[in-house]
Amino acid sequence: MKGIIDPGRVVGESLFGGAFTFPVMVAHRDALRHNIATLAAFAREHGLTLVPHAKTTMSPEIVRAQLDAGAWGLTAATPSQALTLCEFGVPRVLLANQIFDPAALDALAARLAGDPSFEFLCFVDSAAGVETLARHAGPRPFRVLAELGHEGGRAGCRTLEELLEVAAAAQAAPGVELAGVAGYEGSLTSAAEVRRYLHRLMEAVEHLRVRNPILSVGGSQWFDVIGRELAACQATIMLRSGAYVSHDDGYYRERTPYTRIEGELRPALEIWAHVLSVPEPGLAVVGFGKRDAPFDEGLPVPRGAVEGATVLKVQDQHAVLRLAPDSPVRPGDLVSFGISHPCTAFDKWRAMPVVDDDYTVVDLITTCF
C-alpha cells in the first residue's frame with residue numbers, strides 16, 4: 001500500500017517514526033468525527049433524511065461511521081459503486097444517476113430478490129431509461145426518482161412536462177415503481193438560483209400521484225438553503241451531501257454553508273512530503289504530485305513550514321512552490337499541505353492512516369474505488 005511499509009504494524013506508531021514512506025496522506029480523526037456528527041445533527045434538526053454520497057470516500061470504515069451516526073443509507077454515483085456499497089453491507093443504496101448497465105442491473109435485481117430488507121433507488125429521466133429498468137427487473141421492482149435538471153446542468157428533464165411524461169412511463173412500466181423526484185443544485189452559483197430550482201422540484205412533487213413521495217437533493221454547498229426552503233414540502237427530503245465528511249482547505253472551505261450559518265466543518269485531510277530541491281531562490285520542488293493529491297478544483301494549500309508559499313503547479317510526482325520571502329525551507333524538509341476538493345483525494349490512496357492531534361496513528365481507513 002502506497003506510503004505504508006507494514007500495514008499490520010502502524011497503529012500506535014508516530015507518522016514520523018519510520019513506518020511510512022512519503023508522500024503520505026493522512027486523515028485527522030477528530031475532524032472526521034466532528035464533521036460526521038455535525039451534518040447528522042443538521043439533518044435531524046431540519047427534518048432531512050441523510051443519505052451521504054459515498055463517492056467521496058468509498059471507504060467501508062467511513063461508511064460505517066456515517067451509518068452509525070444515523071444515515072438512512074448511502075448514495076452512489078455509478079453502478080459499480082452501488083454494488084461495492086452492497087459488499088460493504090449498506091442496507092439502503094441510492095444511485096444518484098441514470099443506469100443502463102445490463103450486468104449491474106441484473107446484479108441489483110438479484111440482490112433485491114435475495115434480500116427482502118435491501119432497498120435500492122435510482123434516477124430516471126427518459127422513457128429509454130424506464131424501458132431498460134423494466135427489461136431487467138426481477139420479482140421486486142426498481143424504485144425510481146424522476147430527475148428534474150436545469151438549463152446548463154447535468155442530466156435530468158429540463159421541463160416539468162418532460163418529467164411528468166417520464167413519471168407516467170415509470171408508473172405504467174412493469175417492474176418499475178415511481179417513488180418521487182430528484183435533482184442536483186450543486187452546480188448553481190447563487191442562493192437565489194437554488195431557491196428557484198428547489199421550488200421547481202417541489203412543484204414536480206406536487207404533480208405526482210405517489211403516496212409518501214421522496215424528494216432527493218444535495219451537494220455540500222447549499223444544504224442550508226435546502227433546510228429552509230424544503231421545510232414545508234410534503235415529502236421525505238433525502239440529502240445526498242458527501243464532501244462534508246472530510247471538508248477541505250480550498251474549494252469547500254470557501255463554499256460551505258457554514259460561512260452563512262452557525263457551526264463549522266473541519267478540514268480532515270493532509271498530505272506530507274519531502275522538499276526535493278530548492279533549485280533557485282524562492283522556488284522549491286516537493287515530492288508529491290497529481291497521483292497523490294487533487295488538483296481539479298484548486299491546488300493543494302501549503303501548511304506549517306511552507307505556509308505563505310504558493311503552489312504554482314503539480315506534475316505527476318512533483319509540486320512546484322513559490323516560497324515566501326526569506327523562507328527557511330531546505331531540501332530534505334518534511335512539509336505538509338491541505339487539499340482542495342476531497343472527492344478526488346481519497347481515490348488516490350488505497351489505505352490512509354488516521355492520526356490524532358500528536359500524529360500518532362490510531363487507525364487505518366481503506367478505500368475501494
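Sequential numbering from 1 along the given sequence is applied to the chain's residues. No experiment lies behind these values; they were computed from the predicted model shown.
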D248-H341 side chain donor-acceptor pair, cut-off 3.5 Å: no
Pair R240-S216, side-chain donor/acceptor within less than 3.5 Å: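 The criterion, which ignores hydrogens and geometry beyond distance, is satisfied for S216 and R240.
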Taking C-beta and beyond as the side chain, do [X] and [Y] meet within less than 4.5 Å on heavy atoms?
X	Y	result
E61	V63	no
L15	V24	yes
Q221	T256	no
I214	L145	yes
Q171	V176	no
F20	I5	no
I4	W349	no
T259	E254	no

Compute the centroid of each ring, for [X] and then for [Y], and state whether the two points are separated by less than 6.0 Å.
X	Y	answer
W272	F337	no
Y184	F123	no
Y252	H247	no
H53	Y244	no

Hey, could you give me the [atom1]/[atom2] distance between [X] and [Y], rounded to the nearest 0.5 Å?
X	Y	atom1	atom2	result
L239	I226	CG	CD1	5.5 Å
L67	W72	CG	CH2	11.0 Å
F142	E177	CZ	CD	12.5 Å
C233	H199	SG	NE2	10.0 Å
R44	F42	CZ	CZ	12.0 Å
S190	R195	OG	CZ	7.5 Å

Under 3.5 Å, side chain of [X] to main-chain N/O of [Y], donor-acceptor pair present?
X	Y	result
S327	L323	no
R140	L112	yes
R255	Y251	yes
T360	S14	no
R211	A179	no
S59	T366	yes
Q315	K313	no
S220	A243	yes
E185	G218	yes

How close do [X] and [Y] get, counting heavy atoms only, and between which atoms?
X	Y	result
I99	T132	O-CG2, 4.3 Å
L94	V51	CB-CG1, 4.2 Å
D249	G338	OD2-CA, 3.2 Å
T56	G242	OG1-C, 3.3 Å
L198	E229	CD1-CB, 3.9 Å
V124	S126	CG2-O, 3.5 Å

With hydrophobic residues grouped by side-chain heavy-atom distances under 4.5 Å, do [X] and [Y] end up in a single group?
X	Y	answer
V329	L276	no
L164	V181	yes
I237	L148	yes
L121	L74	no
V362	V245	yes

Partners meeting ring pair (Phe, Tyr, Trp, His ring centres under 6.0 Å) with H136 (sequence neighbours left out): none
side-chain hydrogen bond (donor to acceptor under 3.5 Å, both in side chains) between S117 and D115, intermediate numbers included: CA-CA 5 Å; S117 67; D115 183 356; 2.6 Å; yes
Stepwise side chain to side chain contact (heavy atoms under 4.5 Å, CB included) test for Q81 and M58: CA-CA 8 Å; Q81 289 176 6; M58 288 306 293; 3.9 Å; yes
Stepwise side-chain hydrogen bond (donor to acceptor under 3.5 Å, both in side chains) test for Q234 and E206: CA-CA 8 Å; Q234 299 301 304; E206 291 169 0; over 6 Å; no
Residue pair L321, V306: steps toward the side chain to side chain contact (heavy atoms under 4.5 Å, CB included) verdict: CA-CA 9 Å; L321 275 64; V306 287; 4.1 Å; yes
Over 12 foreign heavy atoms within 6.0 Å of CG, N212: no
CZ/R9: more than 12 non-hydrogen atoms of other groups inside 6.0 Å: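 Incorrect, the count does not exceed 12.
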Working for side chain to side chain contact (heavy atoms under 4.5 Å, CB included), residues F346 and L269: CA-CA 9 Å; F346 284 88; L269 299 184; 3.7 Å; yes
One thing to verify: whether [Y] and [X] come together as a salt bridge, which I'm taking to mean a side-chain N less than 4.0 angstrom from a carboxylate O.
X	Y	result
D292	K2	yes
D316	R291	yes
E264	R266	yes
R303	E270	yes

Pair H274-F22, ring pair (Phe, Tyr, Trp, His ring centres under 6.0 Å): steps then yes or no: CA-CA 7 Å; H274 286 102; F22 294 88; 5.5 Å; yes
Within residues 328-351 or reaching into it, pairs that qualify as salt bridge (charged side-chain N to carboxylate O under 4.0 Å, His left out) - sequence neighbours excluded: none
side-chain hydrogen bond (donor to acceptor under 3.5 Å, both in side chains) partners of R92, counting only residues at least two apart: E119
Parallel, tilted or perpendicular: rings of Y359 and H28 (30°, 60°): perpendicular
From CA spacing to verdict: side chain to side chain contact (heavy atoms under 4.5 Å, CB included), W222, R260: CA-CA 10 Å; W222 299 107; R260 302 182 292 270; 3.6 Å; yes
